[in-house]
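Down below is the structure, laid out as structure tokens.
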Number of protein chains: 2
Amino acid sequence: MKHITIKDVAKRLNCSVSTISRAFNDKYDIRKETRELILNTAREMGYSPNPMAKRLLKQCSNQIGVVVPEFINPFFPEVIIGIQEVFLKKGYQVLIMQSNESYNNELENVKAMENNMVDGLILSLSLETKNVEYYQNLIAQGFPLVLFNRVSNQLETHKVVIDDYKWAFFATEHLIYQGYKKIFHFSGPAGLTFTQNRKNGFIDAHRKHKLAIDQHTIIETGLMISDGEREMEKLIQNNNIPDAIFAVNDPTAIGAMKILKKNGLKIPGDVALVGFTESQLAQLVDPPLTSVAQPTKEIGRTAARLLLDQIESKGIFVPQTVVLNGRLNVRESSMKL
Amino acid sequence: MKHITIKDVAKRLNCSVSTISRAFNDKYDIRKETRELILNTAREMGYSPNPMAKRLLKQCSNQIGVVVPEFINPFFPEVIIGIQEVFLKKGYQVLIMQSNESYNNELENVKAMENNMVDGLILSLSLETKNVEYYQNLIAQGFPLVLFNRVSNQLETHKVVIDDYKWAFFATEHLIYQGYKKIFHFSGPAGLTFTQNRKNGFIDAHRKHKLAIDQHTIIETGLMISDGEREMEKLIQNNNIPDAIFAVNDPTAIGAMKILKKNGLKIPGDVALVGFTESQLAQLVDPPLTSVAQPTKEIGRTAARLLLDQIESKGIFVPQTVVLNGRLNVRESSMKL
DNA sequence: TAAATTTCCGGAATCGTTTCCGGAAAATAA
DNA sequence: TTATTTTCCGGAAACGATTCCGGAAATTTA
């Protein structure tokens, strides 16, 4: 129950606490035999240094924090695995929290991370996050912060993203090349940067091919399966059914797919579908879903490496935005029969 | 950059640190105006108490830890959401780590949690974990620990599970009632308690209905989609194809489904499938997968409440195993045509 | 008015470490 | 043998808070 402290060991061996500390930390300034003796009896007594005290003194923890909006969808868990890969090797512990897409939770999570004196933070902003002042201060203070996926251009720090514009453009063009005319876009929540980028890609692909877009072509949804379901149901009720849908992510595409199938509509015969952010799901649903693959683990690894560099360099750092490459995985859901 | 400490505030106001501390903590022993003044200038100076110092003194953190084997499959993330629901309301922060199914990682994670002085821990054991001595010590020391899903009967502490035996029995019986004769079981890794329980349910359902089982009926797989794929491929190669499969979980069932479809076999026409631990996936795959639903969030909430009780009571506690109810969701994959 | 009580605050110990400083003993150099 | 350097260790300050103890000033009671 009672924790064994350095003093207990010192008392037992009749020596000073500084000697004990030296045995655990220094390489010199202590006789080899003394060191051995101390280490042995310490182990025997079950002593290990209290990291809380150490942190108070050293002001760093060998821990890094990760705060993500959710992990119901497989995207964030996969990124986290990439992050852990890098940090565990380096002897860092990775603390994870999720904001549940709430700004307040996110802020509290970040503060909790600070309280744990994490040496750095990897963050993906929640849907609600508009005010990034707190993070601006953090950065201004020199606190190592890396953003990914849900980033903000008001924050001048390391970022890891993929070229959402480009891949949305390609995905849309793919549908156009397949011969689909009436293509809708299930767009993400308006606040997110990638929503805007993917939407622009969608629009510009239409421009390039001289296809008209009206105000009903782009439909703002959320990011979950249920959001895709809801919007698809509305479309069917209004009897406003497109040839094809380019969805902002896989879950919304899959939500649409569910409702289409329930209503007896064939995919891709009646409506073709393309998702984004390839997940396990894309290959499992029937028909398999065409999707833009994001290199999830690589995103994690990259963010981790950027953070690690910043932590270890301690010097002036130049905010860097790494744009990773995606890939369009063409599957049955978007093929012209 | 430099943190503002209680001393800075004391110096500024020309008073002692204890007075500052009182302003932040006490309700009495300080004049109202002094208190106001201190709180105001403290805020103005951007001071907030250093939690690390507080923890060192108080020996508790208002944080709890969660260590899970993985979160690629949706099961654990959902449980965690339930856990957070309970703790966030109570003002606790929830720290999450994943062991990646490795015993060493798990142990390091648990130790890292201890180093953060979490007030309690919710744990689900990794595949590799055989030696639970460390956790036994933890429990013996009175450290609040709650297990769920992957539990060990060598640990006398709170546990949250569902009745795996019963629901495996029902699931198997369901297949028997549908008229399937040659029913195989994709069993989980041998070390896990629930593997054994689900296997026994499978066996006893056969006994009850006087159906024979031979040594090839039960096939040990892993827990991931790829494990299901691998074993199914073997069966097809050996031309040893059952009427139906009861899989230890959804991912293995879905893995089998993928391979069956790829080989042109109809589900449930040629092979019927039943999974376990209902996930999002079950409804999304084609055909929809019959599965035993576990109340994931409720598992989380229950574990959280048990832990909270133990933390707050501080008294003698009686290890309690809560068995939650499941449900068999019958879908197309197991229907006799 | 004197004595007793209350109010409010400062000093110092404490939590468990690390690390700087200095000093005795041992080893080396003169 | 004496002077200098090295080796090894103890003491104490520091990290940033909380809290017990005690004491001066203000207030109440006798």
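Note on naming: letters A, B, ... go to the chains in the order of the sequence lines (proteins, then strands), and numbering restarts at 1 for each one.
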Side-chain H-bond candidate by donor/acceptor type, B:Asn115 with A:Gln63, under 3.5 Å: no

Basic-acidic side-chain contact under 4.0 Å: B:Arg150, B:Glu106: no

Distance, rounded to the nearest Å, where A:Met117 contributes CE and D:dA17 contributes C1': 11 Å

Separation of D:dG16 C1' from B:Lys11 NZ (nearest whole Å): 13 Å

Of A:Leu56 and B:Ile30, the one whose closest DNA chain C nucleotide lies more 5': B:Ile30

Below 4.0 Å: OP1/OP2 of D:dA17 and any side-chain N or O of B:Tyr47: yes

d(NZ, A:Lys54; P, D:dG16) in whole Å: 18 Å

Ion pair B:Arg305/B:Glu298, N-O distance below 4.0 Å: yes

Sugar-phosphate only, base, or nothing, as touched by B:Leu57 at under 4.0 Å among non-hydrogen atoms: base

Ion pair check, B:Lys111 and B:Glu108, cut-off under 4.0 Å: no

Length of the CG-C1' vector between B:Asn25 and C:dC9, whole Å: 15 Å

Any B:Lys7 side-chain nitrogen or oxygen under 4.0 Å from OP1 or OP2 of D:dC15: yes

Phosphate OP1/OP2 of D:dT19 contacted by B:Arg22 side-chain N/O (<4.0 Å): no

5' precedence on DNA chain C between A:Pro49 and B:Cys15 (nearest-nucleotide basis): B:Cys15

Distance below 4.0 Å between A:Asn50 side-chain N/O and C:dT17 OP1 or OP2: no

Value in whole Å for how far the P atom of D:dC15 lies from CD1 of B:Ile6: 14 Å

Phosphate contact (D:dC9 OP1 or OP2) by A:Thr34 side-chain N/O below 4.0 Å: yes

